[in-house]
Amino acid sequence: MFSHIFTSVTDFERALTFYTAVMQALGLEQRFCDRERPWAGWHSAQKNRPFFVICTPNDQQPHHPGNGQMVAFAADTRAVVRAVHAAALAQGGVCAGLPGLRAQYHPHYYGACFRDPDGNKLAVACHADESRL
C-alpha cells in the first residue's frame, strides 16, 4: 500500500540517534543516511518498500508535528513492543501509552505509543495471538 513514509524532524542528528535505536529494536535495517541532505531511511529485512524516512522539512519551514497523525510499526511479538517502547524512552522519547493490550481494537492487539523528541506520535503494535506462537 505505501511506497514511503516521511517524518520531518528539527534536529537531524538527535533524531538519527533516536530512530536508529527504535529501528534496531524493531529489527529494521538502515537503507541510507545522507547527513548533507539531511535524511535517513529504513526498510524491512526483505529490503523492499515501504521505506520509513526522517528528514528536515524540504520547504525549509519549521517542523510541526501533526495533531491526530501517527505512524505505527508492526512488531512480531509483545516483547518487541516493549523493547521498542523502552528504546524510544531511553533516547528522549515521551510515553504516549504504555505497552499493553488494547482489546478495543481486537483481542490480541498489544501496543505502545510514544512521541519522538520533535513531538511526532509513533506506535508499535503486535497483532499476533501469542498463545499460538
Side-chain angles (χ1 to χ4, degrees):
M1 174 181 279
F2 296 106
S3 169
H4 53 277
I5 298 167
F6 271 73
T7 297
S8 73
V9 299
T10 302
D11 180 331
F12 181 76
E13 290 300 323
R14 178 184 69 184
L16 182 61
T17 299
F18 175 88
Y19 281 101
T20 296
V22 167
M23 297 305 170
Q24 285 176 346
L26 280 166
L28 300 178
E29 300 175 8
Q30 189 174 71
R31 170 73 181 220
F32 60 87
C33 180
D34 181 353
R35 285 176 162 89
E36 296 296 318
R37 194 164 190 174
W39 67 338
W42 292 264
H43 59 78
S44 67
Q46 294 80 26
K47 297 184 173 87
N48 56 14
R49 293 183 182 271
F51 293 128
F52 178 79
V53 181
I54 61 169
C55 59
T56 56
N58 193 39
D59 64 3
Q60 308 304 312
Q61 298 300 308
H63 163 79
H64 298 286
N67 183 32
Q69 298 176 25
M70 177 176 60
V71 175
F73 295 99
D76 291 333
T77 67
R78 293 175 183 182
V80 171
V81 171
R82 291 187 294 272
V84 170
H85 187 261
L89 299 187
Q91 294 300 322
V94 175
C95 180
L98 292 170
L101 283 171
R102 308 287 197 274
Q104 68 270 28
Y105 301 131
H106 66 74
H108 306 294
Y109 187 106
Y110 188 91
C113 297
F114 50 92
R115 291 191 181 271
D116 74 5
D118 285 298
N120 296 306
K121 189 171 183 184
L122 304 155
V124 59
C126 175
H127 298 277
D129 177 354
E130 287 209 336
S131 68
R132 295 183 166 193
L133 297 179

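Both backbone and side-chain heavy atoms feed into the values below; hydrogens, waters and symmetry mates do not. Just so it is clear, the structure is predicted and the values come from calculations on it, not from any experiment.
- A salt bridge links Arg14 and Asp118; the closest N-O separation between the charged side-chain nitrogens and carboxylate oxygens is under 4.0 Å.
- In this structure, a donor-acceptor pair under 3.5 Å is absent between the side chains of Thr10 and His63.
- No path of Ile, Leu, Val, Met, Phe, Trp and Tyr side chains, each step under 4.5 Å between heavy atoms, connects Phe12 with Phe6, placing them in separate hydrophobic clusters.
- With sequence neighbours excluded, no residue forms a ring-ring contact (aromatic ring centres under 6.0 Å, His included) with Phe114.
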Would you sort out whether Cys33 and Leu16 count as a side-chain contact (heavy atoms from CB on, under 4.5 Å), showing the intermediate values? CA-CA 9 Å; Cys33 180; Leu16 182 61; 3.8 Å; yes
Considering only distance and modelled atom types, tabulate donor-acceptor pairs under 3.5 Å from the side chains of residues 51-62, sequence neighbours left out.
residue, atom, partner, partner atom, Å
Asp59, OD1, Gln61, N, 2.9
Gln60, NE2, Asn58, O, 3.3

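- Between Leu28 atom CG and Thr20 atom OG1 the span is 11.5 Å, to the nearest 0.5 Å.
- Outside the 6.0 Å centre-distance limit, the rings of Trp42 and Phe32 are not counted as a close aromatic pair.
- The OG1 atom of Thr7 lies 9.0 Å from the CD atom of Gln69; values are rounded to the nearest 0.5 Å.
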May I have the list of side-chain donor-acceptor pairs in residues 78-107 shorter than 3.5 Å, sequence neighbours left out?
residue, atom, partner, partner atom, Å
Arg82, NH1, Tyr110, OH, 3.1
Arg102, NH1, Leu98, O, 3.2
Arg102, NH1, Gly100, O, 2.9
Arg102, NH1, Gly111, O, 3.1
Arg102, NH2, Leu98, O, 2.8
Arg102, NH2, Gly111, O, 3.4
His106, ND1, His108, N, 3.2
His106, ND1, Tyr109, N, 3.2
His106, NE2, His127, ND1, 2.9

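- Each of Tyr19 and Trp39 belongs to its own hydrophobic cluster when Ile, Leu, Val, Met, Phe, Trp and Tyr are linked at side-chain heavy-atom distances under 4.5 angstrom.
- Taking CZ of Arg31 as the reference point, atom CD of Glu29 lies at 10.0 Å (rounded to 0.5 Å).
- Between the NZ atom in Lys121 and the CZ atom in Arg115 there is a gap of 5.5 Å [rounded to 0.5 Å].
- Residues Met70 and Phe73 fall into different hydrophobic clusters, defined by Ile, Leu, Val, Met, Phe, Trp and Tyr side chains chained together at heavy-atom separations under 4.5 Å.
- For Asp116 (side chain) and Asn120 (main-chain N/O), a donor-acceptor pair under 3.5 Å exists by modelled atom type.
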